[in-house]
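Throughout, a chain's letter reflects where its sequence line sits, starting with A, and its residues are numbered from 1.
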Protein chains: 2
Amino acid sequence: MINNHFRRGELYSVINGMASTAVARRLQKNFRNAGLDITIEQWSVLYHLWKEDGLSQQELCVRTFRDKPSITRLIDNLEKQSLVKRVASPTDRRINLVQLTDAALELQHITIDLANQTMAEALVGVEKHEIEMVKSVFQRVYDNLTMTTHEVL
Amino acid sequence: MINNHFRRGELYSVINGMASTAVARRLQKNFRNAGLDITIEQWSVLYHLWKEDGLSQQELCVRTFRDKPSITRLIDNLEKQSLVKRVASPTDRRINLVQLTDAALELQHITIDLANQTMAEALVGVEKHEIEMVKSVFQRVYDNLTMTTHEVL
DNA sequence: TGATATTAGTTGCATAACTAACTATATGAT
DNA sequence: ATCATATAGTTAGTTATGCAACTAATATCA
């Protein structure tokens with residue numbers, strides 16, 4: 001019974017443990033070795049802006065699964081490094097549109113190559129269908145938790 | 001080609017994104033709602049001590065995938081809350097053995113139940129064999145990265 | 001034995017996370 | 001038009017993470 005408890009308790013560490021920590025650290029190290037002075041968290045924000053420039057901070061919260069203060073400070077730090085700038089929305093002055101600078105556009109290909117390379121290293125010996133299954137499981141986990149959150153609130 | 005890049009880049013967010021964030025937040029919220037004033041990181045340390053009490057800080061680093069300063073400060077905070085105490089090893093005075101207090105022993109069943117309950121919510125609609133596959137994939141990812149780390153260093 | 005290297009743990013610094021409380025702007029109801 | 005409410009973003013406080021540099025204790029070996 002205790003054994004059963006522990007086995008299930010370990011599921012948390014599976015989802016939130018060794019693999020994600022190891023991948024994050026390796027990606028950060030690969031950035032650093034390439035002389036890139038950005039964190040993976042900053043990179044993940046840039047990543048969404050490369051897909052669609054000029055997103056609001058609120059929209060970045062949704063897409064990166066972060067809360068508002070986290071995005072505020074990530075944008076602060078990205079702005080310090082002149083990688084993005086905040087531009088007030090012309091139609092709603094509450095909204096900051098976050099826009100990439102030329103410096104950030106230059107980082108795109110290098111960093112995405114590094115991310116691909118890192119994931120390739122990480123996924124040696126993992127089949128395509130296994131990756132799809134992990135994605136699908138995680139999508140269900142996310143849906144389970146966010147849907148019940150809304151119910152509960 | 002850019003599309004291909006982006007699709008692969010997204011793998012990082014799969015491993016380190018929505019699902020793990022959502023599970024961590026839910027577990028933390030469930031602790032809080034139960035009046036438990038510990039963080040999930042503190043809980044993850046206690047979890048390993050419940051399995052084996054009196055581990056050294058170094059051993060806790062290995063088991064929780066954290067670096068030494070992280071463990072130092074987690075133990076600091078756990079000690080402030082009187083959940084663990086540091087005891088110098090009798091055979092090697094460099095080593096701190098971390099021992100659970102009675103207060104921590106009392107938390108064990110409640111928090112493990114909450115973790116089980118949280119994982120049960122998270123895993124609704126996920127088959128046992130899918131969980132096993134995720135575990136297996138993550139183990140390979142971890143091995144890939146830690147083995148090449150040692151090679152490289 | 002004595003110099004050197006290794007190991008365990010701590011401290012300082014920067015970034016990031018969550019919560020709660022706040023400001024400013026916009027929306028809606030009366 | 002006005003007052004209440006909702007939304008976008010910021011600030012403050014606590015905890016956590018990673019790296020680098022440090023101290024203290026032990027191990028190695030010449």
Side-chain angles (χ1 to χ4, degrees), chain A residues 16-18 20-33 36-45 55-62 64-81 83-84 86-98 149 153, chain B residues 16-18 20-33 36-45 55-62 64-81 83-84 86-98 149 153:
Chain A
N16 219 310
M18 50 180 206
S20 50
T21 308
V23 172
R25 286 209 266 245
R26 172 59 63 93
L27 183 52
Q28 182 70 73
K29 182 194 285 190
N30 286 350
F31 281 175
R32 214 173 33 249
N33 288 347
L36 298 171
D37 213 19
I38 63 174
T39 67
I40 46 179
E41 291 85 1
Q42 292 168 359
W43 175 78
S44 79
V45 170
L55 295 170
S56 69
Q57 295 190 196
Q58 181 57 45
E59 187 56 32
L60 282 170
C61 291
V62 173
T64 64
F65 306 104
R66 290 183 168 85
D67 67 355
K68 292 191 294 174
S70 295
I71 288 296
T72 291
R73 275 178 252 241
L74 279 170
I75 303 296
D76 286 347
N77 286 330
L78 286 167
E79 226 173 14
K80 269 188 224 156
Q81 299 182 256
L83 292 172
V84 302
R86 281 183 244 237
V87 178
S89 160
T91 61
D92 184 337
R93 278 161 39 208
R94 289 172 304 183
I95 297 175
N96 287 338
L97 302 176
V98 183
T149 296
L153 289 184
Chain B
N16 219 311
M18 49 183 207
S20 50
T21 308
V23 172
R25 287 209 266 245
R26 172 58 63 92
L27 183 53
Q28 182 70 72
K29 182 193 286 187
N30 287 350
F31 281 174
R32 215 174 31 249
N33 287 348
L36 298 171
D37 212 19
I38 64 173
T39 66
I40 47 178
E41 291 84 2
Q42 291 170 359
W43 175 77
S44 79
V45 171
L55 294 170
S56 69
Q57 296 190 194
Q58 181 57 44
E59 188 54 34
L60 282 170
C61 292
V62 173
T64 65
F65 306 103
R66 290 183 167 84
D67 67 354
K68 290 191 294 174
S70 294
I71 288 296
T72 292
R73 277 175 254 240
L74 279 170
I75 304 295
D76 286 347
N77 286 331
L78 285 167
E79 225 173 15
K80 270 186 223 158
Q81 299 181 255
L83 293 172
V84 303
R86 282 183 243 238
V87 178
S89 160
T91 60
D92 184 337
R93 278 160 41 210
R94 291 171 302 181
I95 297 176
N96 287 338
L97 303 176
V98 183
T149 296
L153 288 184

Completion exercise
In whole angstroms, the gap separating P of D:dT14 from CG of B:D37 amounts to 13 Å
Problem - Rounded distance in Å - CZ (A:R93) to C1' (C:dT27) - result: 15 Å
Exercise for the section: May I ask you to say what A:D76 touches in the nucleic acid, namely base, sugar-phosphate or nothing, with a heavy-atom cut-off under 4.0 Å? Expected result: nothing
Problem - A:Q57 vs D:dG9: side-chain N/O to OP1/OP2 distance below 4.0 Å - result: no
Fill in the blank from the handout: Among C:dA17, C:dA8, D:dT15, the one nearest any side-chain atom of B:T39 is D:dT15
Exercise for the section: Measure from CG on A:D67 to C1' on D:dT10 and round the result to the nearest Å. Expected result: 12 Å
Exercise for the section: Pick base, sugar-phosphate or nothing for A:R25, based on heavy-atom distances below 4.0 Å to the nucleic acid. Expected result: sugar-phosphate
Handout entry: Greater than 12 external heavy atoms within 6.0 Å of B:N33's CG
Key = yes
Exercise for the section: Indicate whether OP1 or OP2 belonging to C:dA8 is found under 4.0 Å from a side-chain N or O atom of B:S56. Expected result: no
Problem - Residue whose nearest DNA chain C nucleotide is more 5′ - A:P69 or A:D92 - result: A:P69
Exercise for the section: Check whether any side-chain nitrogen or oxygen of B:R32 sits under 4.0 Å from OP1 or OP2 of C:dT19, and answer yes or no. Expected result: yes
Exercise for the section: Using distance alone, with no hydrogens and no angle criterion, decide if B:S44 and B:R66 have a side-chain donor and acceptor under 3.5 Å apart. Expected result: yes
Handout entry: Donor-acceptor under 3.5 Å (A:Q81 side chain, A:D37 main chain)
Key = yes
Problem - Short side-chain donor-acceptor distance under 3.5 Å, B:S70 and B:D67 - result: yes
Completion exercise
Rounded to whole Å, CD1 of B:I71 lies from C1' of C:dT11 at a distance of 16 Å
Practice task
Please determine if a side-chain N or O atom of A:T72 lies less than 4.0 Å away from the OP1 or OP2 oxygen of D:dT11.
Solution key: no
Exercise for the section: Rounded to the nearest angstrom, tell me the gap between atom CD in A:Q42 and atom P in C:dT15. Expected result: 8 Å
Practice task
Assign A:L74 to base, sugar-phosphate, or nothing according to its heavy-atom contacts below 4.0 angstrom with the strands shown.
Solution key: sugar-phosphate
